[in-house]
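Heads up, the thing below is written out as structure tokens.
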Amino acid sequence: MGALVVLTACIPGGDRQRPPSSRPAPEARADSRDPATRQCHAELARNSVEFRALEDRRFENGCSALGAVQLLEIGTPVTNLGAMTCPLARQFARWTRESVQPAARQWLGTTVRRIETFGTYACRSVNSRPGARLSEHAYANAVDVSAFLLDDGRRVTVQQGWNGGDERVRQFLPAIHQGGCRRFNIGLGPDSDAYHYNHMHFDMGRGPYCR
């Protein structure tokens, strides 16, 4: 079916501060035939999420996109979304609806017109050291969120807003980061390490871990 969109995601090394307990060998990945994947498709449909199921793909170096979907409509436009495992897509749609939009109304007095991301699938390891484990991005199981365009015309970026001068933005960004930590297995933001200074990383790998 559709081709995968390969985009720059976290800078290599961005996951290195996860505790050792969250870094076992990756478990088997659910493919499109897995009952859990089909159940996830049904959940997306029940929540009025429009998506396209993608064919299972396996790449060199152990990278893959199994049981992946392409999100088409979740109620808020999102840039740069490529292949996402269905559980990641399901949680991303929930996070947008249940965390991002309510927090924008509470802290910023408006709603989000568009979410900007650095992408999802990228075949790479977590750092450049020989033998380093693959990132969850290499399994289409992670997304990096970088900015938000608001309905009143403002653009809020993680890089400038996290420690910026607008107190309302400093409340909004950590609020949705924490909301992400409640919905994804892993949540990393600018306070986690220098590699995440300009985005929030969420994935469905082994967790929970939030920083």
Side-chain angles (χ1 to χ4, degrees), residues 7-11 14-15 17-19 22 43-44 46-51 71-82 84-120 136-137 141-205 207-211:
L7 296 162
T8 302
C10 294
I11 297 171
D15 296 336
Q17 288 197 10
R18 293 183 190 176
S22 72
E43 292 177 12
L44 289 177
R46 281 198 302 270
N47 286 284
S48 301
V49 174
E50 296 181 20
F51 67 96
L71 286 178
L72 303 176
E73 176 58 59
I74 65 172
T76 302
V78 186
T79 67
N80 295 332
L81 289 184
M84 308 172 76
T85 61
C86 189
L88 176 69
R90 177 189 60 205
Q91 296 306 97
F92 186 83
R94 288 178 176 172
W95 175 70
T96 299
R97 182 177 61 249
E98 299 170 0
S99 182
V100 174
Q101 292 292 11
R105 288 190 289 268
Q106 177 181 356
W107 296 109
L108 304 177
T110 187
T111 54
V112 173
R113 181 186 305 173
R114 184 180 70 225
I115 298 173
E116 300 175 11
T117 82
F118 289 153
T120 52
E136 289 299 318
H137 286 286
N141 204 30
V143 60
D144 293 338
V145 178
S146 58
F148 305 85
L149 179 64
L150 307 180
D151 277 327
D152 62 12
R154 287 178 291 168
R155 183 171 176 266
V156 172
T157 69
V158 175
Q159 179 176 352
Q160 296 179 344
W162 191 269
N163 293 309
D166 190 327
E167 182 178 357
R168 295 169 299 174
V169 171
R170 293 201 311 271
Q171 297 285 349
F172 167 70
L173 292 174
I176 62 173
H177 174 260
Q178 289 297 315
C181 288
R182 291 192 293 271
R183 291 166 177 82
F184 302 92
N185 291 348
I186 302 292
L188 301 172
D191 289 340
S192 65
D193 55 45
Y195 297 102
H196 294 85
Y197 74 97
N198 63 351
H199 67 280
M200 290 180 276
H201 167 103
F202 300 118
D203 74 51
M204 297 301 292
Y209 184 67
C210 176
R211 186 171 178 181

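All figures in this text were calculated on a predicted structure; none of them were measured in a lab.
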Take D151 and T110 through the test side chain to side chain donor-acceptor pair (under 3.5 Å) and record every step on the way to the result. CA-CA 6 Å; D151 277 327; T110 187; 4.8 Å; no

Measure up the F202 and F184 rings against each other and bin them: parallel (under 30°), tilted (30 to 60°), perpendicular (over 60°). parallel

Quick one: closest heavy-atom pair of N80 and T117, and the distance? ND2-O, 2.7 Å

Can you tell me how far CE of M204 sits from CE of M84, rounded to the nearest 0.5 angstrom? 10.0 Å

Check against side-chain contact (heavy atoms from CB on, under 4.5 Å), I74 and F51: CA-CA 9 Å; I74 65 172; F51 67 96; over 6 Å; no

Using the side chain to side chain donor-acceptor pair (under 3.5 Å) rule, take N198 and Q159 through it: C-alpha gap first, then chi angles, then the decisive distance, then the call. CA-CA 4 Å; N198 63 351; Q159 179 176 352; 4.5 Å; no

Please examine the side chains of E73 and S48, heavy atoms only from C-beta on, and report whether any two atoms are closer than 4.5 Å. no

Determine the sole option in R183, R90, R182 for which the salt bridge (Lys or Arg N to Asp or Glu O under 4.0 Å) test with E98 is passed. R183

Hey, does V78 have a side-chain heavy atom less than 4.5 Å from the side chain of L71? no

Can you find a pair of side-chain heavy atoms, one from V112 and one from L150, that are under 4.5 Å apart? yes

Side chain to side chain donor-acceptor pair (under 3.5 Å) for R168 and Q171? Distances and angles first, verdict last. CA-CA 5 Å; R168 295 169 299 174; Q171 297 285 349; over 6 Å; no

Tell me if a side-chain donor or acceptor on N47 pairs with a main-chain N or O of V49 at a distance below 3.5 Å. no

Working to the nearest 0.5 angstrom, can you tell me the gap between R154 CZ and L149 CG? 10.5 Å

Which atom of A142 lies closest to which atom of H201, heavy atoms considered: CB-CE1, 3.6 Å

How long is the gap from CG on L173 to CG on D166, to the nearest 0.5 Å? 9.5 Å

In this structure, CD of Q101 is separated from CD of Q106 (nearest 0.5 Å) by 13.5 Å

If every non-hydrogen atom of D191 is compared with every non-hydrogen atom of R211, which pair is closest and at what distance? O-NE, 3.6 Å

Side chain to side chain, V143 and W95, heavy atoms closer than 4.5 Å: no

Taking every heavy atom of C181 against every heavy atom of G187, the minimum-distance pair comes out as SG-CA, 3.9 Å

Do the side chain of N185 and the main chain of G205 share a donor and acceptor less than 3.5 angstrom apart? yes

Distance (rounded to the nearest 0.5 Å) between S192 OG and M200 CE: 11.5 Å

Has H196 got a side-chain atom pairing as donor or acceptor with P190's backbone, closer than 3.5 angstrom? no

Donor-acceptor pair, T120 side chain versus G82 backbone, under 3.5 Å? yes

Where do I176 and S99 come nearest, in terms of heavy atoms and distance? CA-OG, 3.7 Å

Do Y195 and L188 have side-chain heavy atoms sitting under 4.5 Å apart? no

Please report the shortest heavy-atom distance between R97 and P102, naming the atom on each side. O-CD, 3.3 Å

Return the CZ to OG1 distance between F92 and T76, rounded to the nearest 0.5 Å. 9.0 Å

One pair to check against side-chain contact (heavy atoms from CB on, under 4.5 Å): D144 and H137. What are the steps and the verdict? CA-CA 9 Å; D144 293 338; H137 286 286; 3.2 Å; yes

